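Since the structure comes first, as C-alpha cells, the remarks are kept for the end.
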Amino acid sequence: MSSSLVELAAGRHVILCVGPGGVGKTTTSAALALAAAESGRRVVVLTIDPARRLADALGVVVGNTPSRVDLGSEVKGELWAVMLDQSSTLDDLIKRIAPTPATADRLLGNVIYRQMSRALAGTLEYTAIEKLYDLRERHGFDLVIVDTPPSKNVVDFIEAPEWLLRFLDERIFKWFTLLGGGDKGGVARLVLQRTARAVGDVLGKVFGDAFVNDFNAFVRDLEGMTAELRKRAASIQLLLRSTESGFVVVTTPDPFVLADAVFLRNELGKRALSFTGFVVNRANVGSGVESPEAVAKLVENVIGDALAKKLAATALEMNARAREDAAAVNRLRRDARWEGYVGVVPREVEEIHDLAALRALARHL
Amino acid sequence: MTESMAAVLAGKRLVLVTGKGGVGKSTCAAAIAVAAARGGKRVLLVELGARPVAGELLDGVPPDHEPTIIAAARFPSLWACRLDERRALQEYLLETLKLKGLVKLATENRVLARLWQAAPSVDEMSILNALWRFETERDPGGRPRFDLIVVDMPSTGHALSMLGVPRGALAMIRGSSLAARARDIDAMLHDTNRTAICIVTLPEELPVNEAVQLADRLQRELELSSTHVLINGVAADVFDEGERATIERLAEEDSTARRLFVAARRRMSMVSQQARRIGELKERLQARFHHIAWTRARGVGLIDSIADALTRA
C-alpha cells in the first residue's frame, strides 16, 4: 500500500487540485487542507467556490484576503481560507507594480482593461495563479492548496502563465509604440513604422478606430509594467514546475469524466509538471449482500415477500454500481499508466456542512 | 394536452445547453438533438470541448469542424461538428471583412497572429459567429440548412462570459464591421422565438444552487431567460411509506440482515435528499422542469432513453 495523499502532500508547498467541473475539487481541497493543518503546518486553501458552501463548512467569512479558521487550541497548525476575487486581485497587482499611481489609475479606468479583467474569458485562470504566487511568496504560507476554477478547457489553468507571457510578447508592444510614435529615427525604423501603420489600419477596419485608440492607451500604460509581469509569470511557471508543487487530478467514476482526468494527467506529463495522484470522488458503495438468494435467506420470516423482492433488487443494483465504479478505477490506473496514489472517496449521502464532516472525508485521502 | 419538452425545444432554431460541470450537459444535448432528429428535423449538434464526445455518445465517427452526418444508419438527419477556434476565427474575419488579403494579413502576420491567440474572447466571438451562420444559412430554395442547432455549451461561468461577449465587444468596438455582426448575434441570442437556453442540473446541493444562480445572472446581467431545466440523475423511489418505516426500524435492530437494511436506508436517504433539492429548485426558479432517471445505461442506449423521456409529454 502506498502512502496517503496527506503524507504525499507533506513534502510539498503547493498542491493544485485540478479536474473537470463538478467532481468535488472544492471539498477535496478543503479536506486535504484541514488534514495538513492538523498535522501542524500553516496552510491556506484558495477557492473559487461560488456557492460559499466551503465558507459555511469552515465557519468563517472568506474573502480575497486570508481568514483564519478556528481549529481549537489543541491543533498546532493553522488553516486559512481565501476566496478569489478576480477583478480586485488583478487591480491590486496593477496598483503594486505600476510605475506611478497615475498610470495605475489610467489603466484601471481603460475600457479594454475593464473588459479584460472583469467580463472576458481567460483572465480568471491567470488571477488564480497570481493569487497562489502571492500567498506563497508574500504571505509566506507553508502550504497553499488551490481549488482550481472550472475551466472550459481543463488545460487553460496550467497554461495561464504562458498565456500571459504570450500576451506580453514584447513585439506586440513595439508595434503599438511605433503606431503611436512620431516620424523620427532611422530608415529601418521608418520602414517598420510603415508596416506597423498598415497593421494598425487592419485593426482599425476590423475593430473600429475607437478600439485602436483605447488599445493604444492600454498598451502604452501596460508597457512600463511588462518587465515585472513577465518576471512574475516566469517565476510562477518555475514554481509550478518545481518539486515544491504537486498536481492532484480529481475525478468521479463516470466514464466521460474519467477520460477527461486521464487526458489532463497526460497534459500535465507533457508539460513536465509533477503529478501526485488521482482522487476519485463519489464512488458507489455496494450493499454487502451478494445474491438474491442471500437476500432471501437473510430476510426469511423477517419481512414479507414484496418488500424482500424490492430489497433484493435495490441491493443488487447498488452492487452493480459499486462494481462498475471499481472497474472504472482500475481502468483509470491502466489508461493513465499510473501505479501511484489513487484515493477513492465513497459517495457521501450526508452533505458537507461542518469541520467534522470535512475531517471524516479527509480520512479517505 | 401539454407539449413534450422535446417538441417545445424542436420548435426553436437554436438550443444552448449549459449547467454546472459534470451534470451531463453533453449527454442531454445529444439526447435533445436525437429527439428532434427522430421527428424528421435536420439537426446539427455542435461541440466546443477540448475532447469531443459526440462520436462516442452517438456511436458514430468523431465530428470535425465541418458539419457531417456522424452515425448515418441510426440518425440519418443528424449532423454534428466540433468547432475549431482557429478556423472559426478565419471564417469570422472573412465574413465580416470580406477582403481575403486583409484576413490573410490579419491572421498570418506574426504579431497579429499572436495577438489573436492571446486576446481574450476572440475565440468566443468566433464560435458565436459560427452558430449565427448555421442559424441563418439557407439552401438555394430558401429553406434553412438546419432546422435545429443544439449546442453543448461550456459550463456556467464560461457560458455566461461567452454569451456576454457580443455586448462586451460592442462596448469596445463602436462602429466597425465587426460591431454590426456582434449586434446580429446578440439579437439572435435574445430572440426567444429562435433561441432557448436549457440548464441541466443534478438533484444535489451545489448543482441546484449553481443552476439558480446561472438563471438569475443570465436574466440580470444579459437579459436572457432560461426557461427549460433538465434535472438529471433522479433516483427512483421504490419503497412505499410502510416499507420505509420497516426498513428504518430493522436498520437499527441487531440481526444478521442488518447490513441489508442499512444499505437500503442509504438509498432511501439519497432519494429523500434528492426530493428536497428538487423542491428547492422548483421554488427558487421559474422554468419548465423535466426529470431524467438515474440509470445505468451508457452510450447510445442512454441517449435513446433520455430522448424517449423528453418526447413524453
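Computed from a predicted structure; not experimentally measured. Letters A, B, ... mirror the listed sequences (proteins, then strands); counts begin at 1.
Using a 4.5 Å cut-off between heavy atoms, B:L250 touches chain A through its side chain atoms alone. Using a 4.5 Å cut-off between heavy atoms, B:V23 makes no contact with chain A at all. Residue contact with chain A, scored on non-hydrogen atoms closer than 4.5 Å, involves the side chain of B:I247 exclusively. Interface residue A:N284: only side-chain heavy atoms are found under 4.5 Å from chain B. Residue contact with chain A, scored on non-hydrogen atoms closer than 4.5 Å, involves the backbone and the side chain of B:F239 alike. Using a 4.5 Å cut-off between heavy atoms, B:T246 contacts chain A through its side chain alone, with no backbone atom that close.
Residues A:R347 and B:R266 are not in side-chain contact: their nearest non-hydrogen atoms beyond the backbone lie 4.5 Å or more apart. Between A:S287 and B:R259, the closest side-chain pair of non-hydrogen atoms is not below 4.5 Å.
Within 6.0 Å of CD in B:E241 there are 12 or fewer heavy atoms belonging to other residues, nucleotides or ligands. Counting non-hydrogen atoms of neighbouring residues, nucleotides and ligands closer than 6.0 angstrom, the CZ atom of B:R217 reaches no more than 12 such neighbours.
Note that CZ of B:R249 and CD1 of A:I303 are 10.0 Å apart. Values are rounded to the nearest 0.5 Å. The distance from the CE atom of A:M318 to the CE atom of B:M270 is 9.0 Å, given to the nearest 0.5 Å.
Residues from residues 305-312 of chain A that place a non-hydrogen atom less than 4.5 Å from a non-hydrogen atom of chain B comprise A:L307, A:K310, A:L311, given in numerical order.
A salt bridge is defined here as a Lys NZ or Arg NE, NH1 or NH2 lying under 4.0 Å from an Asp or Glu carboxylate O, and B:R296 with A:E317 fails to meet this definition.
Across A:L298 and B:A257, no two heavy atoms sit closer than the pair O-CB, 3.5 Å.
Considering only residues two or more places apart in sequence or on other chains, B:D59 meets the side-chain contact (heavy atoms from CB on, under 4.5 Å) condition with B:R74, B:V300.
Ranked by heavy-atom pairs under 4.5 Å with chain A, the list B:R258, B:E221, B:K20, B:R298 is led by B:R298.
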